[in-house]
Amino acid sequence: ESIHKGKKNHNGNPVIIKGGSITENEVKAMHDLRDVEGVPKVVNARVNAPLPPPRESAYGTSTPGTIAMEQVGDSSLFQAWDRIENQDEARKKIFQTLREIHKRGWAHVDLHSDNIRWSETEQTPHVIDFGRGIEDKFAAIEEAIGGMRGTDGQQEWHSPHLELAQMFRGNIENVEQ
């Protein structure tokens, strides 16, 4: 998987191109969530081969391809956290974005501080990399309340929200408000 800057802009915004293995769910999630504040806008997507027959995976099938999207954020949330002017407002914006993603029935499934980009100029977060995302209302609810089961038969439980809360260096009671 590779990410590089595109040569053109889209609506005045720089474009990045993600190349490599593209899942059908990633393209569908970004399309379904295109009007959610905090989710990058897709400019174009291309697959280099037909999608293979479905296999036993919640992520959908994958194929070599590219997704062109508007560039968001200057750095990962983890890298930017100590420079964020108003961390309480940042927490609120992140959880508002996640709430909207979950309300629309999507679970990100790979949510961690490197998959949230931070724009220093706009002071806004952007959730990226929906490659493992699944459209499932129950998975979205489960992820929203803090637990997530691995797919493909793995029983991996962790809490992306707790990880973010720990990264925020605040206690969980403050984050849940």
Side-chain angles (χ1 to χ4, degrees), residues 1-6 10 13-48 51 57-81 84 90-91 93-120 122 124-136 139-140 142-144 146-152 154 156-168:
E1 186 172 294
S2 66
I3 305 284
H4 61 276
K5 289 189 178 194
H10 182 258
N13 298 312
V15 172
I16 61 166
I17 300 170
K18 176 183 178 181
S21 181
I22 306 299
T23 67
E24 60 186 322
N25 280 4
E26 182 169 21
V27 175
K28 184 167 179 2
M30 293 185 75
H31 175 77
D32 289 355
L33 302 170
R34 67 188 174 276
D35 61 341
V36 173
E37 180 118 6
V39 174
K41 309 302 177 236
V42 171
V43 175
N44 200 353
R46 184 182 80 196
V47 294
N48 299 331
L51 286 171
S57 172
Y59 312 134
T61 55
S62 66
T63 190
T66 56
I67 299 176
M69 64 192 92
E70 291 182 358
Q71 182 177 346
V72 293
D74 310 301
S75 57
S76 74
L77 182 65
F78 180 79
Q79 294 167 329
W81 187 251
I84 294 175
R91 286 182 189 99
K93 288 178 180 180
I94 292 163
F95 286 104
Q96 286 172 335
T97 299
L98 295 174
R99 180 175 46 229
E100 190 59 33
I101 290 167
H102 295 143
K103 275 176 50 179
R104 293 176 185 224
W106 279 94
H108 186 279
V109 186
D110 191 23
L111 192 58
H112 53 80
S113 57
D114 286 333
N115 277 342
I116 299 176
R117 303 290 296 170
W118 184 258
S119 171
E120 304 231 7
E122 299 171 11
T124 56
H126 301 274
V127 178
I128 62 165
D129 195 359
F130 285 86
R132 292 186 171 198
I134 55 174
E135 186 178 22
D136 181 299
E142 188 174 29
E143 185 175 90
M148 183 170 56
R149 181 170 34 189
T151 56
D152 295 336
Q154 296 176 354
E156 178 184 319
W157 287 88
H158 67 283
S159 172
H161 296 265
L162 284 175
E163 178 190 327
L164 290 172
Q166 290 167 352
M167 196 217 61
F168 289 153

Taking every heavy atom of Pro125 against every heavy atom of Ile116, the minimum-distance pair comes out as CB-CG2, 4.0 Å
Assess the side chains of His31 and Arg34: does a donor N or O sit below 3.5 Å from an acceptor N or O? yes
Lys28 meets the side chain to side chain donor-acceptor pair (under 3.5 Å) criterion, sequence neighbours left out, with Asp32, Glu135
d(Asp74 CG, His126 NE2) to nearest 0.5 Å is 8.5 Å
Practice item. Flag the pair Leu77 / Ile94 as yes when at least one side-chain heavy-atom distance between them is below 4.5 Å, and no otherwise. Key: yes
| Between the main-chain N or O of Ile134 and the side-chain N or O of Asn25, is there a donor-acceptor pair closer than 3.5 Å? | no
Thr23 side chain vs Gly131 backbone, donor-acceptor pair below 3.5 Å: yes
Between Trp106 and Ala140 the two heavy atoms that sit nearest each other are O-CB, 3.4 Å
Taken in chain and number order and not counting sequence neighbours, the residues that satisfy side chain to side chain donor-acceptor pair (under 3.5 Å) with Glu100 are Arg104
Distance col, row Asn44:CG vs Ile17:CD1, nearest 0.5 angstrom, shows 9.5 Å
Residues passing the side-chain contact (heavy atoms from CB on, under 4.5 Å) test with Glu70, sequence neighbours excluded, are His10, Asn11, Asn13, Lys41, Val43
Is there a donor-acceptor pair closer than 3.5 Å between any side-chain N or O of Asp129 and the backbone N or O of Asp110? no
Taken in chain and number order and not counting sequence neighbours, the residues that satisfy side chain to side chain donor-acceptor pair (under 3.5 Å) with Glu37 are none
Taken in chain and number order and not counting sequence neighbours, the residues that satisfy side-chain contact (heavy atoms from CB on, under 4.5 Å) with Ala45 are Val27, Ile67
Nearest heavy-atom contact between Ser75 and Ala80 is OG-CB, 3.4 Å
Non-hydrogen side-chain atoms of Thr124 and Thr97 separated by less than 4.5 Å: no
dist Arg117:CZ -> Ile16:CD1 (nearest 0.5 Å) comes out at 7.5 Å
Correct closest heavy-atom pair for Lys93 and Glu122 would be NZ-O, 4.3 Å
Measure the shortest side-chain to side-chain distance between Leu98 and Leu111 over non-hydrogen atoms and say whether it is less than 4.5 angstrom. yes
Closest non-hydrogen contact found for Asp114 with Ser76 is OD1-OG, 3.4 Å
By side chain to side chain donor-acceptor pair (under 3.5 Å), Glu120 pairs with (sequence neighbours left out) Arg83
Exercise. Does a donor on one side chain and an acceptor on the other come within less than 3.5 Å for Glu143 and His108?
Worked result: no
Shortest non-hydrogen pair, His102 vs Ala144, comes out as ND1-CB, 3.4 Å
Between the CD1 atom in Ile101 and the CZ atom in Phe130, the distance rounded to the nearest 0.5 Å is 4.0 Å
